[in-house]
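Values in this document were obtained by computation on a predicted structure and should not be read as measured data. Letters A, B, ... mirror the listed sequences (proteins, then strands); counts begin at 1.
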Amino acid sequence: MEEQKQERYEDSHLYRIRHSAAHIMAQAVLEMFPDGKVTIGPPVENGFYYDFDLPRNLTPEDLEQIEKRMRQIIAGKFGFEKKVVSADEARKIFKDQPYKIELIDGLEKGGFDEYGNPLKEKPEISIYQQDTFTDLCRGPHVQNTKEIKPDAFKLMNVAGAYWRGDEHNKMLQRIYGTAWESKKDLENYLWQLEEAKKRDHRKLGKELEIFTFDEEVGPGLPLWLPNGGVMIEELEKLAKEMEEKAGYLRVRTPHLTKEDLFIRSGHLPYYAESMYPPMELEGVKYYVKPMNCPMHHKIFASKGRSYRDLPIRLAEYGTCYRYEKSGELFGLMRVRSLQMNDAHIYVSEDQFEQEFLSVVDLYLKYFKLFGIEKYVMRLSLHSKAGLGKKYVDNERLWLKTEEMVRNAMKNGNVPYVEAEDEAAFYGPKIDVQIWSVIGKEFSLATNQVDFAVPARFDLKFTNKEGVDEIPLCIHRAPLSTHERMIGFLIEHYAGNFPVWLSPEHVRVIPITDAQNEYAIQIVQQLRDQGIRVSADISAQRMNAKIRSAQLMKVPYMLVVGENEMKAGQVSLRVRDGSQQNNIALGDFIARAKDRIAKRSPEL
RNA sequence: GCCGACGUAGCUCAAUCGGCAGAGCACCCGCCUUGUAAGCGGGCGGUUAUGGGUUCGAUUCCCAUCGUCGGCUCCA
């Protein structure tokens with residue numbers, strides 16, 4: 001496909017520029033803090049970082065100084081010299097750099113590379129030197145510091161980061177920088193960042209009055225404003241329609257359950273950290289549910305099931321509560337109260353592939369509807385090391401179900417990537433990865449196989465031979481949660497929702513008070529047709545009314561003055577700025593109803 | 001949870017060195033009666049996140065708590 005034609009980032013000149021800029025930055029930092037310890041500094045998307053262990057915290061003023069010094073180093077036109085060394089030589093060179101020694105040990109054993117990833121082969125150990133600075137590094141770099149344009153890089157910010165990404169390790173100071181081929185590229189990138197901020201769902205969500213947070217209610221607990229309420233209703237309507245067609249059955253379950261249920265499900269040992277602590281009444285502990293599955297399992301178990309009944313698809317927009325750590329909260333994308341587009345599908349093994357693919361098919365239908373194109377389907381697998389800890393200890397079933405998912409995806413011609421050590425505790429899954437406008441990655445939809453929990457609940461159906469069999473369970477959430485989906489959609493559409501999803505379909509704008517009555521009549525007529533509409537009869541001028549409707553991104557504005565009133569017509573202004581005069585009200589209603597009914601992306 | 005930054009009216013932001021807390025928008029009341037992105041005037045609105053401390057005096061300096069933001073870790 002297209003990626004194959006493109007040069008790999010790792011092979012690009014830009015990658016070398018960024019990698020080299022990181023080294024130059026490290027030199028500048030070490031000059032400022034001669035006792036500072038360096039760790040690693042790789043290129044990343046759009047730039048690079050370097051992690052340091054320093055005697056004091058860096059300030060924005062420090063960054064300016066470092067940036068200045070970097071420009072001086074660049075101006076020195078130093079070459080990047082590579083040298084392959086033995087582990088002992090390397091240890092001598094980096095005798096005052098404990099983190100480097102740790103890396104050298106890892107390289108020597110052949111166990112791990114500089115980022116802590118396991119390596120298959122024992123790598124050679126190499127160093128790169130520019131000017132006075134030498135770093136343990138496999139490269140590649142630019143030939144000479146002069147290849148880095150002094151006006152095409154910028155240090156962005158300082159952040160904490162754990163050594164080797166492990167929260168049990170020491171926290172280091174990470175400096176992020178961005179670097180480009182030219183000043184123009186840098187400016188373009190910075191402009192894009194500013195543009196992205198404008199469509200940030202946290203900003204737009206407030207401006208469009210979709211949701212709010214209140215300190216007194218609590219962090220991560222969004223309050224849906226009326227406009228958000230409308231969007232939720234629309235999404236649920238959509239889900240119910242689609243699921244009804246696909247043979248799902250709707251169920252409802254309580255927000256609370258006894259501790260026993262989560263002990264039985266096996267969630268508590270894996271999940272207690274992310275659950276609100278229990279409340280105890282009359283000696284019984286109750287938990288607020290972080291997921292719906294155990295209760296759906298109980299519904300499955302509530303009567304005898306035959307193979308003829310399968311697949312059984314139980315769906316619920318259940319409200320769950322998860323105690324996400326405070327620093328993990330992020331607008332609507334990461335919250336503590338959430339409503340999942342949840343369903344659990346119970347299948348026999350031979351039904352699995354078809355059912356799994358029909359779930360994937362459902363995702364793709366939704367993505368097409370929303371025009372979602374930038375995503376990656378990720379097959380999340382277990383890791384051998386995690387068995388019995390993060391994952392149910394049954395390697396045979398892991399390998400088997402992973403292969404089942406792999407086959408399903410291959411047979412369905414659905415492109416995907418594989419990721420080790422990313423599975424759910426009870427089985428492999430397909431996660432749909434998307435990115436927020438500021439570049440944070442999230443799983444939107446998810447489709448998970450569960451080979452472990454049904455057995456714990458004694459779930460069974462009677463097969464053709466009259467023998468009990470344990471069903472597999474597919475957990476799926478194609479529309480994610482209301483919170484994450486709406487957060488994503490706000491950014492995806494930059495607030496310009498398709499008509500059906502817009503909180504307000506139509507704003508009627510009388511030009512003078514004399515048309516207020518007519519405007520109100522129109523509102524009544526539209527409302528009778530199921531159109532969401534309001535009339536702006538404020539004391540503002542028409543221009544101001546149009547402006548406020550535009551700012552709220554209302555798709556249709558009906559401007560009515562004396563002429564329209566006399567003729568029983570409207571002047572239609574569409575959100576995109578286009579305008580059509582002298583339209584019969586009935587014609588407009590037909591157009592709006594058509595767009596809404598079809599969930600059309602057209603205005 | 002961890003590292004760092006930040007918190008002023010409903011919103012967006014000012015306030016010199018520690019010296020009477022201000023503007024625009026929104027809202028309310030008037031005037032204007034208007035043709036496709038802001039008509040004009042007036043009014044309301046603050047224990048400067050919360051609680052302590054230093055000081056004659058704190059939005060400003062210090063400490064703690066809460067919250068938000070940038071990352072890390074984690075995740076639907």
Problem - Side chain of A:R547 - closest among B:rU34, B:rA37, B:rC72 - result: B:rA37
Handout entry: Residue A:S480, side-chain atoms from C-beta onward, closest of B:rA76, B:rU73, B:rG35
Key = B:rA76
Handout entry: Under 3.5 Å donor-acceptor pair, A:Q550 side-chain atoms to B:rA38 base atoms
Key = no
Problem - Phosphate OP1/OP2 of B:rG1 contacted by A:S326 side-chain N/O (<4.0 Å) - result: yes
Practice task
Give a yes/no on whether any side-chain N or O of A:Y162 is located under 4.0 angstrom from OP1 or OP2 of B:rG1.
Solution key: no
Problem - Ring centroid separation A:Y270 to A:F425 under 6.0 Å - result: yes
Handout entry: Check: A:E273 side chain, B:rG1 base, donor-acceptor under 3.5 Å
Key = no
Exercise for the section: Grab the CD-P distance between A:Q433 and B:rC74 for me, whole Å please. Expected result: 14 Å
Practice task
Assess whether one donor atom and one acceptor atom, taken from the side chain of A:R541 and the base of B:rC32, lie less than 3.5 Å apart.
Solution key: yes
Fill in the blank from the handout: Out of B:rG39, B:rC74, B:rU34, minimum distance to the side chain of A:N543 belongs to B:rG39
Fill in the blank from the handout: If pairing means Watson-Crick or G-U wobble with both distances under 3.5 Å, then the partner of B:rC44 is none
Handout entry: Side-chain donor/acceptor contact of A:R476 with base of B:rA76 under 3.5 Å
Key = no
Practice task
Scan every strand shown for a Watson-Crick or G-U wobble partner of B:rU68, both distances under 3.5 Å, and answer none if you come up empty.
Solution key: B:rA5
Handout entry: Ring centres under 6.0 angstrom apart (A:W435, A:F442)
Key = no
Handout entry: From B:rG35, B:rG70, B:rU33, nucleotide with atom closest to A:E562 side chain
Key = B:rG35
Exercise for the section: Report yes if a donor N or O on one partner sits less than 3.5 Å from an acceptor N or O on the other, where the partners are the side chain of A:R334 and the base of B:rC74; otherwise report no. Expected result: yes
Practice task
Look at the side chain of A:N563 and decide which nucleotide, out of B:rA38, B:rC2, B:rG35, has an atom nearest to it.
Solution key: B:rG35
Exercise for the section: Report yes if a side-chain nitrogen or oxygen of A:K203 is closer than 4.0 Å to either non-bridging phosphate oxygen (OP1 or OP2) of B:rU12; otherwise report no. Expected result: no
Practice task
Return the nearest nucleotide to the side chain of A:Y176; candidates are B:rU33, B:rG71, B:rA76.
Solution key: B:rG71
Fill in the blank from the handout: Between CG of A:L329 and P of B:rC69 the distance, given in whole Å, is 8 Å
Exercise for the section: Would you kindly say whether A:H297 and A:Y346 are connected by a side-chain donor-acceptor distance under 3.5 Å? Expected result: yes
Practice task
Look at the side chain of A:E215 and decide which nucleotide, out of B:rG67, B:rU34, B:rA38, has an atom nearest to it.
Solution key: B:rG67
Handout entry: Ring center gap for A:H382 and A:Y426 short of 6.0 angstrom
Key = no
Practice task
Examine B:rA37: is either OP1 or OP2 under 4.0 Å from a nitrogen or oxygen in the side chain of A:R573? Give yes or no.
Solution key: yes
Completion exercise
Ranking B:rU68, B:rG71, B:rG4 by distance to the side chain of A:N57, first place goes to B:rG4
Problem - Within 45° cone and under 6.0 Å: A:R336 NZ/CZ vs A:Y323 ring - result: yes
Practice task
Could you tell me whether the phosphate oxygens of B:rU12, OP1 or OP2, come under 4.0 Å of any side-chain nitrogen or oxygen in A:K206?
Solution key: yes
Practice task
Could you please name the option among B:rA76, B:rU33, B:rG67 that lies closest to any side-chain atom of A:P219?
Solution key: B:rG67
Practice task
For the pair A:M25 and A:V29, evaluate side chain to side chain contact (heavy atoms under 4.5 Å, CB included) and give the outcome as yes or no after the intermediate values.
Solution key: CA-CA 6 Å; A:M25 180 169 78; A:V29 170; 4.3 Å; yes
Handout entry: Presence of A:Q540 side-chain N/O under 4.0 Å of B:rG39 phosphate oxygens OP1/OP2
Key = yes
Completion exercise
Across every strand shown, the nucleotide meeting Watson-Crick or G-U wobble geometry with B:rG24 (both distances under 3.5 Å) is B:rC11
Handout entry: Among B:rC3, B:rG35, B:rU33, the one nearest A:E564 by side-chain distance
Key = B:rG35
